[in-house]
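Here is the structure we will look at, set down as structure tokens.
Lettering follows sequence order; numbering is per chain, from 1.
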2 protein chains.
Amino acid sequence: MNVLEKIINSVNNFSKSERKVADVILANPQTTIHSSIASLAKLADVSEPTVNRFCRRLDTKGFPDFKLHLAQSLANGTPYVNRHVEEEDGPEAYTAKIFESTMAALDTARQRVDISAINRAVDVLTQAKKISFFGLGASASVAHDAQNKFFRFNVPVVCFDDIVMQRMSAINSCDGEVVVCISHTGRTKNLCDIAAIARENDATVIGITAYDSPLAKECTLVLSLDVPEDTDMYMPMASRVAQLVLIDILATGFTLRRGSKFRENLKKVKDSLRGSRFDKKDQIS
Amino acid sequence: MNVLEKIINSVNNFSKSERKVADVILANPQTTIHSSIASLAKLADVSEPTVNRFCRRLDTKGFPDFKLHLAQSLANGTPYVNRHVEEEDGPEAYTAKIFESTMAALDTARQRVDISAINRAVDVLTQAKKISFFGLGASASVAHDAQNKFFRFNVPVVCFDDIVMQRMSAINSCDGEVVVCISHTGRTKNLCDIAAIARENDATVIGITAYDSPLAKECTLVLSLDVPEDTDMYMPMASRVAQLVLIDILATGFTLRRGSKFRENLKKVKDSLRGSRFDKKDQIS
DNA sequence: AACAGTTCTGTAATTAAATTACATTATCTG
DNA sequence: CAGATAATGTAATTTAATTACAGAACTGTT
């Protein structure tokens with residue numbers, strides 16, 4: 001465990017003087033790692049051995065060792081945290097915050113994601129006779145992206161962001177086909193209906209949605225993504241990025257399952273773009 | 001800069017003995033931070049002052065300070081690194097790798113992004129009479145997403161992923177209108193044409209693309225995103241996520257610029273969805 | 001090739017820092 | 001309120017790191 005957290009957690013086990021030490025350290029950890037035991041003792045208004053004892057209590061070998069641990073805690077202790085954008089934030093502030101919040105969201109998504117569910121989803125997708133991606137609103141662009149990835153795998157892929165088309169497509173689905181429904185909240189009625197219809201027609205329904213949502217209940221297989229979202233902005237941000245990464249993961253799993261020979265196909269798809277692009281060498285033709 | 005990288009980079013500036021020290025440290029950095037100057041000197045077969053001089057050359061105050069820096073390097077040195085997916089990776093492996101690579105990409109994007117360019121882009125966008133988002137292929141879904149965000153701001157927003165529509169739209173553009181062209185490589189000929197056409201018609205063209213690309217040259221304002229991409233997969237992954245986050249940042253900048261009263265509008269947009277959703281309380285109505 | 005100048009490296013002395021041992025004070029318990 | 005125990009501080013000790021200096025190795029010049 002991180003020393004900094006350790007200090008916070010075991011604040012009750014400290015004696016009066018040790019607590020003073022803890023306070024000084026927590027108030028300014030960055031300074032602590034560059035100060036001597038003498039100066040820290042003075043700041044905390046305790047004796048030097050007290051500081052030393054404090055370090056020992058935290059299972060470090062002594063003060064220098066403690067500083068080492070503290071330095072490491074500071075380095076990776078609070079790397080990416082979800083920070084809310086404030087009214088008075090300038091461009092640097094909100095840019096940094098959004099990047100960091102997104103990274104924090106991906107980090108929690110990574111920790112919470114159910115790997116075996118991903119594996120099963122990849123299973124299902126590789127065996128699919130046809131894959132459909134459905135999303136509405138913000139999730140529509142994720143569905144779009146998924147189509148852009150999966151169409152490369154020479155499997156029939158469709159993507160609809162229109163309820164009527166989705167509905168028609170769902171009604172016509174059958175056994176062996178896979179329908180992927182994407183919704184952050186999992187509460188969009190229309191999409192739940194579509195999942196239900198697809199399932200009634202024996203299609204396998206994969207839901208990329210919140211665990212325990214109405215949509216999740218309609219799915220054969222749920223890939224849940226519970227990600228902290230800054231609702232102050234009234235726009236889905238982090239959740240969508242997490243969905244996108246999940247799509248990347250599914251696509252990657254797909255290609256790995258198909259083996260190396262298959263990868264050559266992907267290269268061909270990519271190479272086919274060459275004609276539409278400026279060459280790297282003579283940039284402005 | 002990270003001390004560990006610093007050692008690697010400045011290996012040529014070292015003297016013979018200093019190099020010995022560097023070798024020992026690089027061979028086992030984790031041990032180094034727990035050893036004394038004496039033991040390290042012995043391992044490297046040099047004198048203690050040599051080790052000290054080595055530390056000073058790396059702009060640290062001395063050996064203990066050096067260890068502190070080293071400890072921090074080791075702690076945050078490999079938080080999220082770009083790791084390539086391998087043929088034999090199982091689901092845990094590739095899932096972790098993709099998450100981490102994406103986070104690493106966001107981290108570099110954050111460091112490289114030009115904040116003043118973002119600020120100018122927000123300026124331009126808030127004053128736009130109309131905003132158009134154009135992207136092709138994988139970037140089309142990013143354009144889609146941008147539309148989904150910006151249409152909330154009661155500004156006319158369009159989004160086309162079709163060259164013909166883009167072209168017609170660009171030709172009809174005029175002063176005061178903003179065209180946002182999205183392309184990871186910035187080498188898609190069609191999109192470069194469209195940027196040029198829009199500019200000829202006095203529209204402001206913002207490019208979300210690679211710095212120094214043909215597309216960048218056609219733009220009024222470039223938001224460059226140079227992100228490491230795992231080309232083994234032959235699919236754009238990290239780059240797209242970075243683009244998406246950039247859109248989030250622009251949208252956020254937009255709402256902040258408009259002030260708090262404007263934010264109420266966003267809430268209304270969000271609330272308008274309520275009718276189409278299952279209530280949180282009685283989930284299955 | 002020999003010399004002067006420079007840079008590099010090690011030895012020994014010095015200084016600074018951290019730790020230990022012990023004494024003192026505070027706190028708790030019966 | 002005494003006795004015991006835990007907590008804290010003082011001073012001594014030890015350990016580690018740094019400095020000062022001297023000798024060695026290398027560089028370029030005549």
Send over the distance from Phe63(A) CZ to dA16(C) P, rounded to a whole Å. 17 Å
Describe, in one word, how the ring planes of Phe66(B) and Phe54(B) are oriented to each other, choosing from parallel (under 30°), tilted (30 to 60°) and perpendicular (over 60°). perpendicular
Provide, to the nearest angstrom, the distance between the CD atom belonging to Glu48(A) and the P atom belonging to dT14(D). 18 Å
Among the nucleotides dG9(D), dT20(C), dT18(D), whichever has the atom closest to the side chain of Asn52(B) is dT18(D)
Given dA16(D), dG9(D), dA12(C), which nucleotide is nearest the side-chain atoms of Thr50(A)? dG9(D)
Applying side chain to side chain contact (heavy atoms under 4.5 Å, CB included), run through Arg187(B) and Leu215(B) and close with a yes or a no. CA-CA 6 Å; Arg187(B) 306 189 172 284; Leu215(B) 175 57; over 6 Å; no
Within this structure, what is the CZ-OG distance for the pair Arg57(A) and Ser15(A), rounded to the nearest 0.5 Å? 6.0 Å
Taking CG from Leu40(B) and C1' from dA16(D), how many angstroms apart are they, rounded to a whole number? 13 Å
Side-chain contact test, heavy atoms from C-beta onward, threshold under 4.5 Å: evaluate it for Ile33(B) versus Gln72(A) and give yes or no. yes
Proximal nucleotide (of dT19(D), dA16(D), dG9(D)) relative to the Arg56(B) side chain: dT19(D)
Is Ser17(B) close enough to dT9(C) that one of its side-chain N or O atoms is under 4.0 Å from OP1 or OP2 there? yes
Can you tell me the distance, in whole Å, between the NZ atom of Lys61(B) and the C1' atom of dT19(D)? 17 Å
In short, Asp212(B) meets Lys217(B) closest at the heavy-atom pair O-NZ, 3.7 Å
What is the distance from CZ of Arg57(B) to C1' of dT9(C), rounded to the nearest Å? 12 Å
Run the numbers on Arg53(B) and Glu18(B) for salt bridge (charged side-chain N to carboxylate O under 4.0 Å, His left out), then give the verdict. CA-CA 8 Å; Arg53(B) 282 186 279 263; Glu18(B) 283 171 340; 5.9 Å; no
Please check the phosphate of dT11(C) (OP1 and OP2 only) for any side-chain N or O of Ser47(B) closer than 4.0 Å. no
Check: protein-nucleotides 25-27 of chain D nitrogen or oxygen pairs below 3.5 Å:
residue	atom	partner	partner atom	Å
dC26(D)	OP1	Lys16(B)	NZ	3.4

Take the protein atom CG of Asp65(B) and the nucleotide atom C1' of dA17(C), then report the distance between them rounded to whole Å. 15 Å
Separation of dT8(D) atom C1' from Asp45(A) atom CG, nearest Å, is 12 Å
Where the side chain of Arg53(B) is defined as all heavy atoms beyond and including C-beta, which of dA17(D), dA21(C), dT9(C) is the nearest nucleotide? dT9(C)
From the list Val241(B), Asp248(B), Val245(B), side chain to side chain contact (heavy atoms under 4.5 Å, CB included) with Arg240(A) holds only for Asp248(B)
Spacing of Lys67(A) atom NZ relative to dA17(C) atom P, expressed in whole Å: 9 Å
